[in-house]
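One structure is given here, and the rest of the page talks about it.
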Amino acid sequence: VLFRSATGSQTELGRINSMLAKVPAISTPLLRQIDRFGRWLALVILLMVAATYALGTLWRGNDPGEMFLMAVALTAAAIPEGLPALMTVMLALGVQRMARHHAIVRRLPAVETLGSVTVICSDKTGTLTRNEMTVQRLICADQQVQIDGVGYAPLGAFSCDAQPLDPASSPLLLDACRAGLLCNNARLLQEADGWRIEGDPTEGALLVLAAKAGLQLADEERLLPRIDSIPFESEHRFTASLHAAKDGSRQIFVVGAPERILEMCTSHSAGNGEQPVDPDFWRRRFADVAAHGLRMLAIATRAAPPDQQRLDFSDMQSGFRLLALVGIIDPPREEAIAAVAECHAAGIRVKMITGDHAETARIIAAQLGIGIGKPALTGAELALMSEEELRKLVLEIDVFARTSPEHKLRLVRALQACGEVVAMTGDGVNDAPALKCADVGVAMGHKGTEAAKEAAAMVLTDDNFATISNAVREGRAIYDNIRKSILFMLPTNGGQVLIVIAAIVLQLALPLTPAQVLWINMVTSCTLGLALIAEPAESGLMSRPPRAPGAPLLTRLLIWRLVLISLLMAGCGLGLFLWELQRGTSLETARTMTVNTIVLAEMAYLFSSRHLFASVLNREGFLGNPWVILTVLVCLGLQLLCTYSPLLQRLFGSAALDADEWFRAAAAALIVLLGAELGKGLVRRQRLRLSARED
């Protein structure tokens, strides 16, 4: 039905498109961190390489050409060029794992962004609740009717004041059920595995109610065929239909939010007639029902002119007769209750945004563990607030009721202005701007529109909040693995640079040739660097608070660990090189010892890198990730080939080693492993001390 003449940007879809166009694309926290980290790292590497070249040529008087090759080799070794590829592979594997758990990621960086989320704004119906609407209570002017039964099977008895009630004996009840049946676009279908609803679950609940009362849709549509209708819109909060009777009369039925329908009513049904509507009386009625956690609808009707063929909003202003209030239960998902508790334990605030009555929203939210003891904020109250007032209140309130999609967009922007990383769920066309604006937009796969899915970064194929919680866990695990990879790459690269710089400063023979530096970088990047991609999530991942949005990729404690490992590797490699020279070993053998010491130290440090802070000196630490063992064996095989192959000996200037020399190199690598674990132990003690001080 065309309600107003408009084209292009003046239409409702055009308005939504304009809102989408005004929402800027935002970078993810990880990309911002990597950008800052990359600039810092590039500066440090350039300074170190420039210092190496200057010391070698100006102070030591080495050949400029040889020092240039060394500078190039050190630059290649120091830059973790494999990190972008590793990040991409980690995110891609995360996408695969999340897809197996009903979460389809449309934008790769969103996988990790979920791990940094601090606030999740979730829809209620179908996401936090089962989306299995069942009418449990029907309130007329002079009676409250209880309806038995759950789900969509049209089986259930009626009772009033604990006494059985025959629906056929109550004209008011039948009128209300008939209006809900005809003002409806859903369909109730019986299949081999049971009953199901095709269409909106709320409308489906009214179909089931009518079927329980003995009304058949086909019969009622023959008596009162539909002429026109107004579909539901969140802005107006009702749906309406126009029907023609065989005697030529016309009837309008309307179903919607109680407070909206009450504004349109001038009377209510009572006995065999009607009485002037008492707004306070009905508000008390639906507040009482909403206090039991039931979703409220109101059903009303009025006569229309016999010649009316169209239904417009101008017909919906007043003159309606209130038939009944309907209380619908939509129980919370058990897995959603557990998921909300898990998010709270992880320091993530969960906010429920719904179109339901405020009291209903507050009760359901309390059952889920959201906003307990706090009031619910309605969309009408939100609309009266300035942006500054909303920012002050948005962190305190966790339940938002009677909201429109425009309110969702305001809430996202207010939370982001407070420094929060926001995940927002939505399903409608009007939700698209809020989904695009959020750091992670989450669309519903079952009930979501294509516009919502297109604007979102992730789609839930099961429309279940628990899936978001699982995705947050996956995102945190991926971020951990990215940090582990950086902590593994940088000290191993830094150790090589420090060995060369120390040799130049001490005016020693270079422990490594440019070719050997490139070999170490190549062989470890192609093998060891891949092991942490598939590292399983550490225990206690969801008991940590979310990281601060502006936090650096590497904390001071991790930088201290990076420096410690770099110094240990450089010290072990250079110390063993000098010892071998002092024992009269040839320069080629001493350099080969240095190469193998660094590679073995990297193998040992790889095991330590499996956990950021926990010890790996246990069975799980050494055997928990089979990829680590596999890459170590492959790397060891390549290193043996470099040491004993005549061709590679000529290419890289290496020499064969005996068992004692291998033992000394392995002992030096063990020192690096123990030093790394000792450093983590000191960090754990420091964190415990800080935690105890905060308590």
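Just so it is clear, the values below take in all heavy atoms, side chains as well, and ignore hydrogens, waters and symmetry mates. Positions are given from 1, in the same order as the sequence printed here.
The two residues V412 and C437 have their closest heavy-atom pair at CG1-SG, 3.8 Å. For the residue pair G621 and F607, the shortest heavy atom distance occurs at O-CD2, 3.9 Å. Among all heavy-atom pairs drawn from I565 and A676, the shortest one is CD1-CB, 3.4 Å. The heavy-atom pair separating V422 from C121 by the smallest distance is CG1-SG, 4.1 Å. Across all non-hydrogen atoms, the minimal contact from A665 to T597 is CB-OG1, 3.6 Å. Shortest non-hydrogen contact noted between V616 and S608 is CG2-CA, 3.6 Å.
L528 contributes atom CG, which lies 6.5 Å from atom CD of E602 (distance to the nearest 0.5 angstrom). We find the OG-CD distance between S566 and Q496 to be 10.0 Å, quoted to the nearest 0.5 Å. Atoms CD1 and CD1, on I533 and I478 in that order, are 11.5 Å from each other to the nearest 0.5 Å. Here the CG atom belonging to L673 is positioned 12.0 Å from the CG atom belonging to L600, to the nearest 0.5 angstrom. One distance of note links CE of M603 with CD1 of I598; it measures 12.5 Å at 0.5 Å rounding. With values rounded to the nearest 0.5 angstrom, S122 atom OG is found 8.5 Å from I353 atom CD1.
K351 places a side-chain N or O within 3.5 Å of a backbone atom of V394 that can act as its donor or acceptor partner. A donor-acceptor pair under 3.5 Å links the side-chain atoms of N596 to the main chain of T592, judged by distance alone. Checking side-chain atoms of T461 against main-chain N and O of H102 turns up a donor-acceptor pair under 3.5 Å. In this structure a side-chain-to-backbone donor-acceptor pair under 3.5 Å is present from T643 to Q639. Proximity of a side-chain donor or acceptor of E580 to a complementary backbone N or O of F577 within less than 3.5 Å is not detected. A side-chain donor-acceptor contact under 3.5 Å links E661 to the backbone of D658. In this structure, the side chain of K680 does not engage the main chain of L612 through any donor-acceptor pair within 3.5 Å. Between the side chain of R107 and the main chain of A456, a donor-acceptor pair closer than 3.5 Å is present. When atom types are taken as modelled, the side chain of N481 and the backbone of E535 share a donor-acceptor pair closer than 3.5 angstrom. Between the S645 side chain and the C642 main chain, no donor and acceptor come within less than 3.5 Å of each other.
Using a 4.0 Å cut-off between charged side-chain N and carboxylate O, R349 and E420 make no salt bridge. A salt bridge is absent between R591 and E588; no separation between the charged side-chain nitrogens and carboxylate oxygens falls under 4.0 Å. Using a cut-off of 4.0 Å between Lys/Arg side-chain N and Asp/Glu carboxylate O, R610 and E538 are scored as not salt-bridged. Using a 4.0 Å cut-off between a side-chain N of Lys or Arg and a carboxylate O of Asp or Glu, R544 and D480 qualify as a salt bridge.
With a 4.5 Å cut-off on side-chain heavy atoms, I120 and C343 count as touching. In this structure, the side chains of T631 and L606 come closer than 4.5 Å at one or more pairs of heavy atoms. Using a 4.5 Å heavy-atom cutoff, the side chains of M593 and L657 are in contact.
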Worked check of side-chain hydrogen bond (donor to acceptor under 3.5 Å, both in side chains) between E620 and H611: CA-CA 11 Å; E620 187 278 332; H611 297 323; 3.0 Å; yes
L487 vs S609, test: side chain to side chain contact (heavy atoms under 4.5 Å, CB included). Steps then yes/no. CA-CA 7 Å; L487 282 173; S609 299; 5.5 Å; no
Kindly determine whether S654 and Q649 satisfy side-chain hydrogen bond (donor to acceptor under 3.5 Å, both in side chains), including the steps that lead there. CA-CA 5 Å; S654 57; Q649 284 178 346; 5.1 Å; no
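F652 pairs by the ring-ring contact (aromatic ring centres under 6.0 Å, His included) definition with W519, not counting sequence neighbours.
Judged by the 6.0 Å and 45° rule, R547 forms a cation-pi pair with Y479.
Considering T467, N470, N464 in turn, N464 is the only one that fulfils the side chain to side chain contact (heavy atoms under 4.5 Å, CB included) rule with E335. Screening L554, T555, L682 for a side chain to side chain contact (heavy atoms under 4.5 Å, CB included) with W560, the sole residue that qualifies is L682.
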